[in-house]
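Note on naming: letters A, B, ... go to the chains in the order of the sequence lines (proteins, then strands), and numbering restarts at 1 for each one. Everything numeric here is computed off the predicted structure, so don't read it as measured data.
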Amino acid sequence: MLDPQLFRKDLHGTVERLRKRRFDFDIDQYADLERVRKVLQVESQALRSERNTSSKAIGQAKAKGEDIAPLLREQDKLGSDLKSKELELNQVQEQLQNLLAGVPNLAHDSVPIGDEESENQEVRVWGDKPKFDFVVKDHVDLGNKLGMMDFDTAAKITGARFVVMHSHLACLHRALTQFMLDLHTGEHGYEETYVPYLVNPESLFGTGQLPKFAQDQFVTKDEGWYLIPTAEVPVTNLVRNEIVEAQDLPIKRVAHTPCFRREAGSYGKDTRGMIRQHQFEKVELVQIVHPEHSYEALEELTAHAEAVLQRLRLPYRVVSLCTGDLGFASAKTYDLEVWIPSQNRYREISSCSNFEAFQARRMQARFKQPGRQGNEPVHTLNGSGLAVGRTLVAVMENYQQHDGTIVVPQALAPYMRGISALQPIR
RNA sequence: GGAGAGGUGGCCGAGUGGUUUAAGGCGCACGCCUGGAAAGUGUGUAUACGUUGACCCGUAUCGAGGGUUCGAAUCCCUCCCUCUCCGCCA
């Protein structure tokens, strides 16, 4: 949610900035609601104040044994006036709230202007793409040939967009997770955190997935809990409704969780393989920071995610998402895209965003400014460090050999129980 | 799943319909006192919104949301959470 003050103090400037982001803000509806809200709020507060005063007078009169009947008659009208005013006010406030809750974040000045993915800006490229003197296979064929990856059985157990993995491939998948966690806790200063995988709707509202993206989530029938689409939700919501001390910032957390996405509306996309699944593992980095430092933190966090790819020696590039491609809650996002040989292109493997105060305001996550009156919203950031399933795909494809075996990257050696290459099980 | 007890400020804790404008204590901050400190003593010490140049002031918030009432921390209803016992269970 944006700061309501922005709309009150600089309505047209704010609307202009939203337009850059391809969002059309309904000025007339907003202005009408805001005008009515102000009047109703002042009036109902005055009425309530009046009622409080006379209720007190009634109490005192009664204590003295005076006749309170005439006073009560006077109160009658006051009460019903107040009730109807407050009802009106509540409705208007709800409408305003809904209007503002649907407005996306403003893009940072450094974000490239554009409408679609093709206008994203390449920031840097790392690593040399592997050269193969044979026809490359994709991870589906590779996994199949190894006898360690099985989509058909997953479809039998559940449905499309799930996978079953066996043996050394399942081990490689787990090794990736542990490697990432150890790197971020050991070298990048994150605290490892374990969180619930089912969350209430308030948490999803806080990080911005609700109300707009309800159709992307899995939800439990009886409780109305949501399976997390990313660890961002539970981890960022750790500070929901909290006031943290300035000295406790930055808070840096890393969590490994499964993620669940309905992938509604992407029926034709990436139907083959592990790129787009309903369930996947992710190691997520979250930072809660002082507003003055959030852009340094974004660079730092992005570098932390990049470090994973560098240690695994996987070629990638970093792109800055353009205004039209930016996520709802984000002010600036770097996508990390890893090289996928079978597709002969880079594919997203991490998304690192600064949400500034957007999520914090929705969550009421604040911090005390020493020497200053009142509390300010914190800034929140997160990034995948990395999406484990897609990292597995990248490792399989980039480390494949002519005979279909897969060399295990050096960095994973400590986690692979001496397995140096994946070979078909006999 | 069954039975019971609870939820009040940063913390403890009083408060069963009206001088409660939430007592009192602890903690914290700033004074006074002191050579310095402790003790003592005084003042202050939540959040959000509205109003204001600023102070003031107004409104709301006693787990959440409804209701009864002229008036609700207090009475009623629904829900959430915590604790104890029983059952089930990895």
Side-chain angles (χ1 to χ4, degrees), chain A residues 1-9 11 30-31 33-101 194-206 210 219-226 234 237-249 258 357-378:
Chain A
M1 191 145 38
L2 295 175
D3 186 351
Q5 296 296 335
L6 274 178
F7 291 104
R8 291 185 199 144
K9 288 184 176 148
L11 180 60
Y30 169 78
L33 284 171
E34 183 64 4
R35 187 169 349 99
V36 174
R37 189 221 95 220
K38 216 165 211 175
V39 172
L40 287 174
Q41 182 160 348
V42 170
E43 286 178 353
S44 71
Q45 284 192 0
L47 279 174
R48 185 173 278 272
S49 173
E50 204 179 320
R51 190 207 68 187
N52 286 350
T53 314
S54 35
S55 284
K56 198 160 290 172
I58 291 172
Q60 284 169 12
K62 200 177 174 186
K64 287 184 210 151
E66 294 167 8
D67 178 22
I68 58 168
L71 291 169
L72 286 183
R73 268 197 297 282
E74 231 171 279
Q75 279 291 75
D76 239 16
K77 187 170 153 27
L78 205 59
S80 60
D81 282 358
L82 178 62
K83 205 165 238 175
S84 66
K85 274 279 187 273
E86 285 191 330
L87 196 71
E88 265 184 275
L89 177 63
N90 283 342
Q91 284 170 353
V92 170
Q93 271 176 332
E94 196 176 318
Q95 287 176 50
L96 261 175
Q97 185 72 17
N98 289 342
L99 182 70
L100 293 179
Y194 176 88
V195 289
Y197 303 155
L198 284 161
V199 297
N200 57 34
E202 288 81 4
S203 293
L204 277 162
F205 178 84
L210 286 183
V219 58
T220 66
K221 198 163 138 262
D222 290 336
E223 297 84 359
W225 292 336
Y226 291 82
N237 273 279
L238 289 170
V239 292
R240 173 153 60 89
N241 288 330
E242 299 289 335
I243 301 171
V244 300
E245 299 295 330
Q247 73 216 25
D248 294 334
L249 301 175
F358 189 86
Q359 293 181 325
R361 223 171 271 115
R362 290 168 88 95
M363 288 191 301
Q364 308 238 53
R366 294 149 295 169
F367 76 105
K368 267 198 194 312
Q369 278 276 53
R372 257 200 254 172
Q373 189 178 335
N375 301 312
E376 259 187 78
V378 294

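- Nearest to the side chain of Ser55(A), among rC49(B), rG58(B), rC70(B), sits rC70(B).
- OP1 and OP2 of rG71(B) both lie 4.0 Å or more from every side-chain N or O belonging to Asn52(A).
- For Ser54(A), no side-chain nitrogen or oxygen approaches OP1 or OP2 of rC70(B) to under 4.0 Å.
- The closest side-chain heavy-atom distance from Glu94(A) to Gln91(A) is not below 4.5 Å.
- rA23(B) and rG15(B) are spaced 8 Å apart, taking the C1' atom of each and rounding to whole Å.
- Between Ile58(A) atom CD1 and Arg51(A) atom CZ the span is 10.5 Å, to the nearest 0.5 Å.
- As rounded to whole Å, 16 Å separates atom C1' of rG50(B) from atom NZ of Lys85(A).
- The distance from atom CD of Glu202(A) to atom P of rG63(B) is 18 Å, rounded to the nearest whole Å.
- Rounded to whole Å, the separation between the C1' atoms of rG18(B) and rA73(B) comes to 14 Å.
- Mapping Glu34(A) and Glu86(A) onto RNA chain B by nearest heavy atom places Glu34(A) at the nucleotide closer to the 5' end.
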Side-chain donor-acceptor distances from residues 36-47 of chain A under 3.5 Å, at least two apart:
| from | atom 1 | to | atom 2 | distance (Å) |
| --- | --- | --- | --- | --- |
| Arg37(A) | NE | Gln41(A) | OE1 | 3.2 |
| Arg37(A) | NH1 | Glu34(A) | OE1 | 3.1 |
| Arg37(A) | NH1 | Glu34(A) | OE2 | 2.5 |
| Glu43(A) | OE1 | Lys85(A) | NZ | 3.1 |
| Ser44(A) | OG | Leu40(A) | O | 3.1 |
| Ser44(A) | OG | Gln41(A) | O | 3.4 |

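- When the side-chain nitrogen and oxygen atoms of Lys38(A) are compared with OP1 and OP2 of rC49(B), none of them lie within a distance under 4.0 Å.
- Between Phe358(A) and Leu2(A) there is a side-chain heavy-atom pair separated by less than 4.5 Å.
- Here Arg240(A) pairs with Asn200(A), Glu202(A), Ser203(A), Asn237(A), Met363(A) under the side chain to side chain contact (heavy atoms under 4.5 Å, CB included) rule; sequence neighbours left out.
- The shortest distance between the side-chain N/O atoms of Arg8(A) and the OP1/OP2 oxygens of rG50(B) is below 4.0 Å.
- Of the candidates rU59(B), rG71(B), rU21(B), rU21(B) carries the atom nearest the Lys56(A) side chain, counting heavy atoms from C-beta on.
- Looking at residues two or more places apart in sequence or on another chain, you find a side chain to side chain donor-acceptor pair (under 3.5 Å) between Thr220(A) and Glu223(A).
- Residues forming a salt bridge (charged side-chain N to carboxylate O under 4.0 Å, His left out) with Arg361(A) (at least two apart in sequence, or on another chain): none.
- As a whole-Å value, the separation of Arg240(A) CZ from rC81(B) P is 13 Å.
- Judged by closest nucleotide on RNA chain B, Gln93(A) is the one of Arg51(A) and Gln93(A) placed further toward the 5' end.
- For Gln247(A), the side chain to side chain donor-acceptor pair (under 3.5 Å) criterion is met by no residue, not counting sequence neighbours.
- rA60(B) and rA5(B) have their C1' atoms separated by 31 Å, with the value rounded to a whole Å.
- Rounded to the nearest 0.5 angstrom, Arg366(A) CZ and Ile243(A) CD1 are separated by 4.0 Å.
- Nucleotides rU21(B) and rA72(B) place their P atoms 12 Å apart, quoted to the nearest Å.
- The same atom, C1', is picked in rG10(B) and in rG44(B); the two are 15 Å apart, to the nearest Å.
- Comparing the C1' positions of rU43(B) and rG58(B) gives an interatomic distance of 25 Å, to the nearest angstrom.
- rA39(B) makes up no base pair with any nucleotide shown, lacking Watson-Crick or G-U wobble contacts both under 3.5 Å.
- Between the side chain of Gln41(A) and the base of rG50(B), no donor-acceptor pair of N or O atoms lies under 3.5 Å.
- Going from atom CH2 of Trp225(A) over to atom C1' of rC79(B) covers 13 Å, rounded to whole Å.
- Checking rG18(B), rA60(B), rC49(B) against the side-chain heavy atoms of Ile58(A) singles out rG18(B) as nearest.
- Protein atom CG of Asp3(A) is 13 Å distant from nucleotide atom C1' of rC49(B), rounded to whole Å.
- With rounding to whole Å, Arg37(A) atom CZ is found 13 Å from rA48(B) atom C1'.
- Only the P atoms considered, rU19(B) is 16 Å distant from rU61(B), to the nearest whole Å.
- Of the nucleotides present, none pairs with rC88(B) by Watson-Crick or G-U wobble criteria with both distances under 3.5 Å.
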Restricting both atoms to N or O, compile the protein contacts to nucleotides 44-47 of chain B shorter than 3.5 Å, with distance only.
| from | atom 1 | to | atom 2 | distance (Å) |
| --- | --- | --- | --- | --- |
| rU47(B) | OP1 | Lys368(A) | NZ | 3.2 |
| rU47(B) | OP1 | Asn375(A) | ND2 | 3.3 |
| rU47(B) | O3' | Arg366(A) | NH1 | 3.1 |

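- Put simply, CG on Leu40(A) is 18 Å from P on rU59(B), counting in whole angstrom units.
- Distance CD (Glu43(A)) to C1' (rU51(B)): 15 Å, rounded to an integer number of Å.
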